[in-house]
Every structure is written in structure tokens, then in C-alpha cells.
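Note sheet for the following structure.
Model, not experiment: these values are computed from the prediction. Chain identifiers are assigned alphabetically (A, B, ...) following the order of the sequence lines, protein sequences preceding nucleic acid strands; residue numbering begins at 1 within each chain.
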Amino acid sequence: MAANRVPNGQIVTRFPPEPNGYLHIGHAKAICIDFGMAEKYGGRCHLRMDDTNPEKEDQEYIDSIKTDIRWLGFDWGDYEYHASDYYDQLHAIAVNLIKQGMAYVDSLSAEQVREYRGTLTEPGRESPDRNRPIEENLKLFAEMRQGKHPEGSLVLRAKLDMASPNINMRDPALYRIKFASHPRTGDKWCIYPMYDFTHPISDAIEGITHSFCTLEFEDHRPAYDWATSIDGIDHAPRQYEFARLNITHFVLSKRKLLNLVKSKIVGGWDDPRMPTLCGLRRRGYSPESIKDFVNRVGVAKVESIVDYNLLEFCVREDLNKRATRMMAVLDPVKVVITNYPEDQVEWLLADNNPENPAAGQRKIPFSRELYIEREDFMEVPVKGYHRLYIGNEVRLKHAYYITCTGIEKDADGNILEIRCTYDPESKGGMTEDGRKVKGTSHWVSARHAIDCEVRLYDKLFLVENPGVATGNYLDDLNPESLVVIPEAKGEPALLDTHSGDYLQFIRNGYFTPDSKDHSKKHPVFNRTATLKDSWSKKLQKNDR
RNA sequence: UGGGAUGUAGUGUAAUGGUAACACUGCAGAUUCUGGUUCUGCCUUUAGGGGUUCGAGUCCCUUCAUCCCAGCCA
């Protein structure tokens, strides 16, 4: 995109987050564009904190933003800036503007400014202060800086065009008074520059060539072009707009995300159901899957809503390649292999990842009493069911073929244990005679099993566009977005997993140890995504 | 009713004025020691109407639809 505009091919971009919230997947799109363009054309990308509103901004956010960008795999090198680095320069430029009669101090109240601005269809009127003498402007502006005037009493405005059809050009505010302490400049300033003034000039100072931003800034481009053409600014970056990322079943507005956190609907910014980068990370998403997703979505100027399915496809595709396969039983029922020696234990070999032989193998213990998934047995099998039922033979993954001979129930009819026999010839999961066994179940040896907590995460919202039909996105919350299984049974090797590991619990989905709560003493696994499940789909169809 | 943008399968994104395509979803089937993976096939597209042209998704006119803008937020 327009890289040929730069003579030596050196393009310079910037990612300019406002540190007033955590980065989410929508920002990931911007990051991929800003850093990606620079990478692609052999340029560089600056990280610049757009910190011009001390009331909303916080060091906590600054730190998290840097962590998240690095996690995604991007590096701004030494090019780390803050809009607040330019406060002195910005101030000098403003003073010059006043001297040239191009800016004035306005004493209209905020309400009055609004009235004078006119409406979308009617032009505005000029402020009575618009022609205040330059000397007076200079004096007042100096006093503003010295803290001699209360917040809201005065504002510095550019003298542009009150009749402009573009409201952003009707004498935009350049500086406002705020007696707020800034995370970086402390109490040095009590006047702070506005976005339309700060952003373009910061871009110019840094030698940015391509300033990418979202569509809503399109209307600000004339203001951007004005600010970068102020006398003394010798570099003219150009602004390009692209559409924001929207994803079905998600909300991506800072306000709504903040509300989810504050109202404790989720556990925090890094709750695995949040679309924040820290949330997705804790959920078990790899940075590669997120970047792949963003690349597949593409860049355009049409407002669009991407199907959540595409995101899930991207994680699954990536995790399928890299996740270590393990076995865990979430809803255990006991299986007793009646012809297997009481005290015998065999350590069977299992592939860590069939998609990647280099991942090696590990050993899992097999014994007479096992757990399998409750839904892997049916007393009265439905049509097409090829798992365990009385008389049927199935394979225990990596182990043996077993045939169900009977079950034992309690007084209420609950299945207590399933009795089976095994075929010693089928060790490793196959036989010489090549007979077909359709069903394969995962399992865990009862005496070797470890107890673990498993957190089953699902979409936070039930509908594609939360709030659109109901009027309130909170009405569309999925009550089952988190289902906790306090005591799942897992194979022993699960004890050796760590935060950041990508796992697949065979036939159950992709999981990762929780970065906050997981420990050897109390293993906790978060479900990143389910496996595709054509069987339950088929069942549902048969029900209808 | 001011200004700025945008309309291509269900979704997202491509197509020097020259056969409308790719991915996801959905559906059907094959393979499989995960009902996963993999593979095969199918469904469905240029907002409407005019015009220019041998030929239009692309150029022109027009209509319609959608989004953004009236912070001393970014």
C-alpha cells in the first residue's frame, strides 16, 4: 500500500495505543498492520504511547501493552516513544501558532463552545474571543500553563473555519486545562494537548511515513493534514484508514470490556473468556494463531463482522500441529478389566503428537481399573454409536481392545462400574488379524490418575451481535461460558506441564495450564477450544 | 435534510476494462489407533436502474442501503 511514496523505500509506521485499557484482538489487527507493513517493506515501526489524557491513563496499562506486543512477536527496538515526550515541542508550536495569529485562547464555557460550533447541517459561529489580540492570547496561554485558571475556564483553539462542513475543522481545541498528575511528566503540566494536535505532530517528529488508523478518524484527516503543515514542521506523514475488527459473539469496545471487568462478570482483564490479548493468552491461544487470524481477515475499508468460527479454526489449525497429546477424563466412570491381573501395571508407549514425530513419546500406566468418559458407554446404544456397550469391542487408545461384558449399578440405577475383558493380543492398540474396531476411547489408570481442575470455557455471548436484538449486551451473556470440573482424572504426565504449554486432551479439546492457579499440588487446566465434533452434530440432527 | 466513507457467496477477502475466485462456515462422502487430522465433492456472489464499450465487479449517471462525525476523549 503506497510504499512507493517513500523515495528510499524506508517506511516508518507507528502503533499508538492510548494506555487506558488492555490490548484486545482488535488492537492485534492494528499491530499487525503497523508492524507488518514496516516488516514487509523493510522499514521500522515505533511504539508510541498516546498519553495525552492523564485522567484516564495508567502505568499498569503501559506495562501490559508492552508485554502483549512482545508476546505477539513484534519488536519496536529502541523506537519507544510517548506523546508526552513532545510536550515541550508541542507547547512551543502552540505558542508560535498564537504569535502568527493562528490560535487563540477562548473563554467560552464548554456548553457555549458546543452552541457556537453549530450542528451537522448548520455552520458554526465564531467565538467572541476569536480576535483576541495576540499579546493577550500569549499572556492567557502562559497563565493557563502556570495554573492560574481553573479547569474548563479557558482553552486554546486553532483558528480554522467555523463554517466548515467538517466539524473537526471548526476551530478545534488544541490545549485544555487539567490539574491532573501524569504518569510520566508528573505535575509539570496542568495543560494537556488534544489528539488532533498531538498525534499528527508526534508522527511528524518521528518521521512517520504511513500513519494507519481506523475509519472513524477519516473525518480527522483534514485536521491531521493541517497540523502537519504548520510552519516549521518539515515532514508530512500521511494518514490511511482501515476498518476496525469486529468478531461475532464478542464485544470489543473498551467501555464494554471495562464494564465486564468492573461488574465482575468476568474475573479480570485476563479472564480466559475476554478477547483481550492477555485473556486469549491465558485461554491458551498461541500468538501465531492470532496473527494468522488477523492476516486471514485482511485489511479493507468496509465495516465488517468476522465470523468467530474463523478464529476457532485458526487456533485449532495451529494447536493441532503443536499441542502435546495427553489423556484426561472429565466425567469419569470406572472400568474393570476382569481378565487383567490384579496387581499388574504396564507402562505403554504413546505418541506425544501424531502430527509431529519429533515430539517423541511418553509412557502411560495401564492397570486393571481404569476411568473412561461416561459418555463413551451406552447401555442402549443409539444408531451409529460405535463406542462401548454390552457385547461391543472398542480400543483403548495406545493400549488394548476391550469388550464390555456387563455393568454394575447402584439402587438408583446409576452405573457404578463397567466390566470388560481385554484381548492381550491387542497390546498397543492393534491386532495381527487386522479386525476392525471402530471406537477408540481415551482412559486413565485409576490408581495412577491425578485429580485436576478443568475449566471449560465457551463463548461469552450467546448471539452473534451481543445487544443488537436485546438492546443490552449483558442480556446476551452465555450462562455456561465457564463450567468448572473440580475433579477430572488425568494421566500422571499432566503433573509436569507448565503455564504456556499447549496441550490436547485427546478427544476432549485443546487445553493449557492456567497461568495463575495451576500448580503441581493443584493442577488447573483451561480449555482453549473444543475439537470439532461431528458426532454430537449428528446426534442433534437425529433428534430432530 | 451538512460532510466523510463503504456496498462482490452465509462470513471475510481477491480479481491490467477480457472465463468472478480464495478461505472460513454449512452440507455430502472417503481415510483414520482422537467421531480429531487429512482428502474429495457440493451449495451460494458483483445492492437496484440506466449508460459508455465488441466486452463492465471495475468507467459515467442515478437510486437505494449501511457506517462515522456536533468531547475541553483518543
Look at all strands and tell whether A/Lys301 reaches a base, only sugar-phosphate, or nothing, counting heavy atoms closer than 4.0 Å. sugar-phosphate

For B/G57, measure the glycosidic angle (O4'-C1'-N9-C4 for a purine, O4'-C1'-N1-C2 for a pyrimidine) and name it syn if it falls within 90° of 0, otherwise anti. anti

Between atom NZ in A/Lys56 and atom P in B/G71, what is the gap in whole Å? 13 Å

Classify the ring geometry between A/Tyr385 and A/Trp535 as parallel (under 30°), tilted (30 to 60°) or perpendicular (over 60°). tilted

If each of A/Gly384 and A/Leu108 is mapped to the nucleotide of RNA chain B with the nearest heavy atom, which maps nearer the 5' terminus, i.e. the 5' end? A/Gly384

Checking all strands, does A/Phe313 fall into the base, sugar-phosphate, or nothing category for heavy-atom contacts under 4.0 angstrom? sugar-phosphate

Mind checking who B/C64 pairs with, Watson-Crick or G-U wobble, both distances under 3.5 Å? B/G7

Parallel under 30°, tilted from 30 to 60°, perpendicular over 60°: which one fits the rings of A/Phe366 and A/Tyr422? tilted

Around atom CD of A/Gln59, are there more than 12 heavy atoms of other residues, nucleotides or ligands at under 6.0 Å? yes

Pair A/Glu80 + A/Arg48: basic N to acidic O under 4.0 Å: no

Could you tell me whether a side-chain N or O of A/Glu303 sits under 3.5 Å from a main-chain N or O of A/Arg244, the two making a donor and an acceptor? no

Is it true that a side-chain atom of A/Glu317 and a backbone atom of A/Phe313 form a donor plus acceptor pair closer than 3.5 Å? no

I'd like a list of close polar pairs between nucleotides 66-68 of chain B and the protein, N/O only, cut-off under 3.5 Å.
{"residue": "B/C67", "atom": "O2'", "partner": "A/Glu303", "partner atom": "OE2", "Å": "2.4"}

Closest nucleotide among B/C24, B/U34, B/A70 to the A/Asn309 side chain: B/C24

Flag yes if more than 12 heavy atoms outside A/Lys301 fall under 6.0 Å of its NZ atom; otherwise flag no. yes

Look at all strands and tell whether A/Ile177 reaches a base, only sugar-phosphate, or nothing, counting heavy atoms closer than 4.0 Å. nothing

Considering every strand and a 4.0 Å limit on heavy-atom distances, what is the contact class for A/Thr52: base, sugar-phosphate, or nothing? sugar-phosphate

Check whether A/Asp533 reaches the backbone of A/Ser536 with its side chain - one donor and one acceptor, N or O, closer than 3.5 Å. yes

NA contact type, A/Asp533, heavy-atom cut-off 4.0 Å: base, sugar-phosphate, or nothing? sugar-phosphate

For A/Trp226 and A/Phe197, take the angle between the two ring planes, folded into 0 to 90°, and tell me which bin it lands in: parallel under 30, tilted 30 to 60, perpendicular over 60. tilted

For B/A74, is there a stacking contact with A/His199, counting only centres under 5.5 Å and planes under 30°? no

Reckon A/Glu218 touches a base, only the sugar-phosphate, or nothing at all at heavy-atom distances under 4.0 Å? sugar-phosphate

With a 3.5 Å cut-off and just heavy-atom distances, do the side chain of A/Arg325 and the base of B/U34 make a donor-acceptor pair? yes

Rounded to whole angstrom, note down the P distance from B/G57 over to B/C64. 23 Å

Return the value, rounded to whole Å, for the distance between atom CD of A/Glu373 and atom C1' of B/G35. 14 Å

Checking all strands, does A/Pro16 fall into the base, sugar-phosphate, or nothing category for heavy-atom contacts under 4.0 angstrom? nothing

In Watson-Crick or G-U wobble terms, with both distances under 3.5 Å, the base opposite B/G12 is B/C22

Identify whether any heavy atom of A/His442 sits under 4.0 Å from a base atom; if not, whether one sits that close to sugar-phosphate; answer base, sugar-phosphate or nothing. nothing

Nucleotide forming a Watson-Crick or wobble pair with B/C43, both distances under 3.5 Å: none

B/G10, B/G36, B/C73: which one has an atom nearest the side-chain heavy atoms of A/Arg176? B/C73

Which value, in whole Å, describes the distance between the P atoms of nucleotides B/A23 and B/G18? 23 Å

For A/Tyr116, answer base if it contacts any base atom (sugar-phosphate contacts may also be present), sugar-phosphate if it contacts only those atoms, and nothing otherwise; contact means non-hydrogen atoms under 4.0 Å. nothing

Side chains of A/His149 and A/Ile177: closer than 4.5 Å at any heavy-atom pair? yes

Are A/Lys427 and A/Glu346 ion-paired here, with the side-chain N under 4.0 Å from a carboxylate O? yes

Looking for any heavy atom pair under 4.0 Å, which part of the strands does A/Lys178 touch: base, sugar-phosphate only, or nothing? sugar-phosphate

Could you tell me whether A/Arg296 contacts a base, only the sugar-phosphate backbone, or nothing, with contacts defined as non-hydrogen atoms closer than 4.0 Å? sugar-phosphate

Could you measure between the two C1' atoms, the one in B/G7 and the one in B/G41, and give it in whole Å? 32 Å

My understanding is that a pair needs two contacts under 3.5 Å, Watson-Crick or G-U wobble. By that rule, which nucleotide pairs with B/A70? none

Using a 4.0 Å heavy-atom cut-off, does A/Thr119 contact any base of the nucleic acid, only the sugar-phosphate backbone, or nothing at all? base

Residues A/Ser289, A/Asp292; criterion side-chain hydrogen bond (donor to acceptor under 3.5 Å, both in side chains); working and verdict: CA-CA 5 Å; A/Ser289 64; A/Asp292 180 42; over 6 Å; no

Pairwise C1' distance for B/C59 and B/A65, with rounding to whole Å: 23 Å

Using a cut-off of less than 4.0 Å, is there contact between a side-chain N or O of A/Arg125 and OP1 or OP2 of B/A70? no

Under a 3.5 Å limit for both distances, which nucleotide forms a Watson-Crick or G-U wobble pair with B/U52, could you say? none

When rounded to the nearest Å, what value does the distance between P atoms of B/U46 and B/A20 take? 12 Å

Taking any heavy-atom pair under 4.0 Å as a contact, classify A/Arg117: base, sugar-phosphate, or nothing. sugar-phosphate

Let's test this: given Watson-Crick or G-U wobble pairing with both distances under 3.5 Å, identify the partner of B/G35. none

Under 4.0 Å from OP1 or OP2 of B/C72: is there any side-chain N or O of A/Arg157 that close? no

Are A/Arg395 and B/G35 close enough that a side-chain N or O sits under 4.0 Å from OP1 or OP2? no

Using a cut-off of less than 4.0 Å, is there contact between a side-chain N or O of A/Arg114 and OP1 or OP2 of B/C72? no

Hey, is the side chain of A/Lys537 poking within less than 4.0 Å of OP1 or OP2 on B/G35, counting only N and O atoms? no

Could you tell me how far B/A74 sits from B/U19 if I compare only their P atoms? Round to whole Å. 50 Å

Where along nucleotides 40-46 of chain B does protein come under 4.0 Å, by heavy atom, of base (B) or sugar-phosphate alone (S), with - for untouched nucleotides? -------

For B/G35, does either OP1 or OP2 sit under 4.0 Å from a side-chain N or O belonging to A/Ser536? no

Quick one: do A/Glu55 and A/Lys178 make a salt bridge, cutoff under 4.0 Å? yes

Under-4.0 Å salt bridge between A/Glu288 and A/Arg322: yes

Nearest-nucleotide 5' precedence on RNA chain B, A/Ala300 against A/Leu396: A/Ala300

Counting only Watson-Crick or G-U wobble pairs whose two distances fall under 3.5 Å, which nucleotide matches B/G17? none

Between B/C22 and B/U45 - C1' atom distance, rounded Å: 13 Å

Taking only N and O in the side chain of A/Lys541, is any of them less than 4.0 Å away from OP1 or OP2 of B/A28? yes

Any base atoms under 4.0 Å from A/Glu151, or only sugar-phosphate, or nothing? Heavy atoms, all strands. nothing

Under a 3.5 Å cut-off for both contacts, is B/U58 paired Watson-Crick or G-U wobble with anything, and if yes, with which nucleotide? none

Considering only atom P, compute the distance from B/C42 to B/U32 and round it to an integer number of Å. 24 Å

Could you tell me whether the side chain of A/Arg387 has a donor or acceptor atom within less than 3.5 Å of a complementary atom in the base of B/G35? yes

So, do A/Trp535 and B/G35 meet the stacking rule of ring centres under 5.5 Å and planes under 30°? yes

